[in-house]
Amino acid sequence: MNILDKIIFDKKREVVLKKSIIPVSQLESSVFFGRETISLSQKLKTSSTGIIAEHKRRSPSKSIINQNFTVEEVAKGYESAGACGISVLTDGKYFGGSLDDLLLARASVNIPLLRKEFIVDEYQILEAKAFGADLILLIAAVLTREEIKLLSEFAKKLGLEVLLEVHNQEELEKSIMPTLDMIGVNNRNLKTFEVSLDFSKQLASQIPDDFVKVSESGISSIEAIQELKPYGYKGFLIGENFMKTDNAGQAATEFIKNLSL
């Protein structure tokens, strides 16, 4: 069993437990449930930089990245840096995140928030909406075409955008459907954790122009983004590069400023 299989196994059990204690009606009565969401895809289309900055304390491949910041500090820092949106990890066991992180980020900023999570059930999409997300992530590697269809349709009904993550051509081909807004290519192989920008380059031409193209993981330099832009990428998800510094917001500010030159 690889790390991704373990995460999904644990996630399915976690969702069953949560469903048993927090009813859907409670999620639907959240103060954020009726909130109008902000479109990340529109922001990316008109941005010259396209940075989606991530709040991530740790990961299975790197253990602890940074546990010294408050969510508010990071989120406000990213917003003032000029990030198009913020990705918030909400997985606890493997990434040290929580839904409270999403809630605190929402209370702190007014830019699009992505719930970065291993979504396997509609219940998690209700949680995303209730805790202030504007969009969700669906990972093609762990879902069937039918599951992607059902989950993305459910998200759209709630007014949430959908970023679908793929890693190879097979995942991309099974996933293309009109209920997606953005397609992200993960440069990290989730099974081996090997990272290469070639994944984004190879898949770029296969992604229809109806979707905003996003490149995720392993982006640590201005040069990497300049390398990917000619392939049609409008969004660039960066987490570790900012979080591993002493001041994530300041690191993002300098990065985006240099990218704009």
Undergrad: Looking only at heavy atoms, what is the nearest atom pair of Phe236 and Tyr233, with distance?
TA: CZ-O, 3.5 Å
Undergrad: Any donor-acceptor pair under 3.5 Å linking the side-chain atoms of Glu165 with those of Asn186?
TA: yes
Undergrad: Taking atom CG of Leu114 and atom CG of Leu135, what is their separation to the nearest 0.5 Å?
TA: 4.5 Å
Undergrad: How far does NZ of Lys43 sit from SG of Cys84, to the nearest 0.5 angstrom?
TA: 7.0 Å
Undergrad: Would you say the side chains of Asn187 and Ser215 form a donor-acceptor pair under 3.5 Å?
TA: yes
Undergrad: With rounding to the nearest 0.5 Å, note down the distance linking CD in Glu54 to CD1 in Ile238.
TA: 10.5 Å
Undergrad: With a 4.0 Å cut-off, would you call Lys18 and Glu127 a salt bridge?
TA: yes
Undergrad: If you measure from the Lys or Arg side-chain nitrogens to the Asp or Glu carboxylate oxygens, is any gap between Asp101 and Arg57 under 4.0 Å?
TA: yes
Undergrad: Within a radius of less than 6.0 Å around CG of Asp246, do more than 12 heavy atoms belonging to other residues, nucleotides or ligands occur?
TA: no
Undergrad: Give a yes or no on whether Glu153 atom CD has more than 12 heavy-atom contacts from other residues, nucleotides or ligands under 6.0 Å away.
TA: yes
Undergrad: Let's go through Met177 and Lys149 carefully: what are the C-alpha distance in whole Å and the side-chain angles of both, what is the deciding distance for side-chain contact (heavy atoms from CB on, under 4.5 Å) to 0.1 Å, and is it a yes or a no?
TA: CA-CA 7 Å; Met177 56 188 75; Lys149 183 174 185 291; 3.8 Å; yes
Undergrad: If the condition is ring-ring contact (aromatic ring centres under 6.0 Å, His included), which residues does Tyr78 pass it with, not counting sequence neighbours?
TA: Phe242
Undergrad: For the atom pair CZ (Arg145) and OG (Ser175), what is the distance rounded to the nearest 0.5 Å?
TA: 7.5 Å
Undergrad: Quick one: closest heavy-atom pair of Asn241 and Ser220, and the distance?
TA: ND2-O, 3.4 Å
Undergrad: Taking atom types as modelled, find out whether Glu117 and Thr90 have a side-chain donor-acceptor pair closer than 3.5 angstrom.
TA: yes
Undergrad: Could you go step by step and tell me if Glu161 and Ser41 meet the side chain to side chain donor-acceptor pair (under 3.5 Å) rule?
TA: CA-CA 8 Å; Glu161 286 195 321; Ser41 64; 2.6 Å; yes
Undergrad: Taking all atoms of both residues into account, what is the closest heavy-atom pair of Ile52 and Leu40, and its distance?
TA: CD1-CD2, 4.0 Å
Undergrad: Give a yes or no on whether the backbone of Gln42 and the side-chain of Thr46 come within a donor-acceptor separation of less than 3.5 Å.
TA: yes
Undergrad: Under a 4.0 Å threshold between the charged nitrogen and the carboxylate oxygen, would Asp121 count as salt-bridged to Lys19?
TA: yes
Undergrad: Given side-chain contact (heavy atoms from CB on, under 4.5 Å), test Leu164 with Leu172 step by step and report yes or no.
TA: CA-CA 9 Å; Leu164 180 100; Leu172 179 61; 5.7 Å; no
Undergrad: Would you kindly confirm whether Ile225 and Val195 end up in one hydrophobic cluster when ILVMFWY residues are joined by side chain heavy atoms under 4.5 Å apart?
TA: no
Undergrad: Would you call Leu126 and Phe154 a side-chain contact if the rule is heavy atoms closer than 4.5 Å?
TA: yes
Undergrad: Between Asp134 and Arg115, is there a salt bridge with N-O shorter than 4.0 Å?
TA: no
Undergrad: Between Val162 and Met182, is the side-chain contact (heavy atoms from CB on, under 4.5 Å) condition met? List the steps.
TA: CA-CA 6 Å; Val162 179; Met182 292 154 277; over 6 Å; no
Undergrad: Suppose clustering is done on Ile, Leu, Val, Met, Phe, Trp and Tyr with side-chain heavy atoms closer than 4.5 Å. Which residues sit in the same group as Leu150?
TA: none
Undergrad: Between Gln169 and Gln206, is any side-chain donor less than 3.5 angstrom from a side-chain acceptor?
TA: yes
Undergrad: Does Lys229, at its NZ atom, have more than 12 non-hydrogen atoms belonging to other residues, nucleotides or ligands within less than 6.0 Å?
TA: yes
Undergrad: In terms of hydrophobic clustering (I, L, V, M, F, W, Y; side-chain heavy atoms under 4.5 Å; direct or indirect links), are Val88 and Val31 co-clustered?
TA: yes
Undergrad: Side-chain contact test, heavy atoms from C-beta onward, threshold under 4.5 Å: evaluate it for His55 versus Val71 and give yes or no.
TA: yes
Undergrad: Work out which heavy atom in Val212 is nearest to a heavy atom in Lys45; give both atom names and the distance.
TA: CG2-CE, 3.6 Å
Undergrad: Can you measure from CG (Leu113) to CD (Glu79) and round to the nearest 0.5 angstrom?
TA: 9.0 Å
Undergrad: In the hydrophobic clustering (ILVMFWY, side-chain contacts below 4.5 Å, transitive), which residues join Leu261, or is it alone?
TA: none
Undergrad: Please name the pair of heavy atoms, one in Leu143 and one in Ile148, separated by the smallest distance, quoted to 0.1 Å.
TA: CB-CG1, 3.7 Å
Undergrad: With side-chain contact (heavy atoms from CB on, under 4.5 Å) as the criterion, how do Leu89 and Tyr94 come out once you've worked through the C-alpha distance, each side chain's angles and the decisive distance to 0.1 Å?
TA: CA-CA 10 Å; Leu89 259 302; Tyr94 296 92; over 6 Å; no
Undergrad: Applying the 4.5 Å side-chain criterion to the ILVMFWY set and letting contacts propagate, would Ile38 and Ile51 be lumped into a single cluster?
TA: no
Undergrad: Can you tell me how far NZ of Lys12 sits from CZ of Phe118, rounded to the nearest 0.5 angstrom?
TA: 13.5 Å
Undergrad: Which atoms form the tightest heavy-atom contact between Thr179 and Lys156, and what is the distance?
TA: O-CD, 3.6 Å
Undergrad: Would Lys201 and Glu227 count as a salt bridge (Lys or Arg N to Asp or Glu O under 4.0 Å) if you check the C-alpha gap in whole Å, the side-chain angles of each, and the deciding distance to 0.1 Å?
TA: CA-CA 9 Å; Lys201 293 177 184 175; Glu227 220 178 292; 2.3 Å; yes
Undergrad: Distance alone, cut at 3.5 Å: any donor-acceptor contact between the side chains of Glu240 and Ser59?
TA: no
Undergrad: Side chains of Val142 and Lys11: does their closest heavy-atom pair fall under 4.5 Å?
TA: no
Undergrad: Before accepting this row, confirm whether a basic side-chain N of the pair Arg188/Glu194 lies closer than 4.0 Å to the acidic partner's carboxylate O.
TA: no
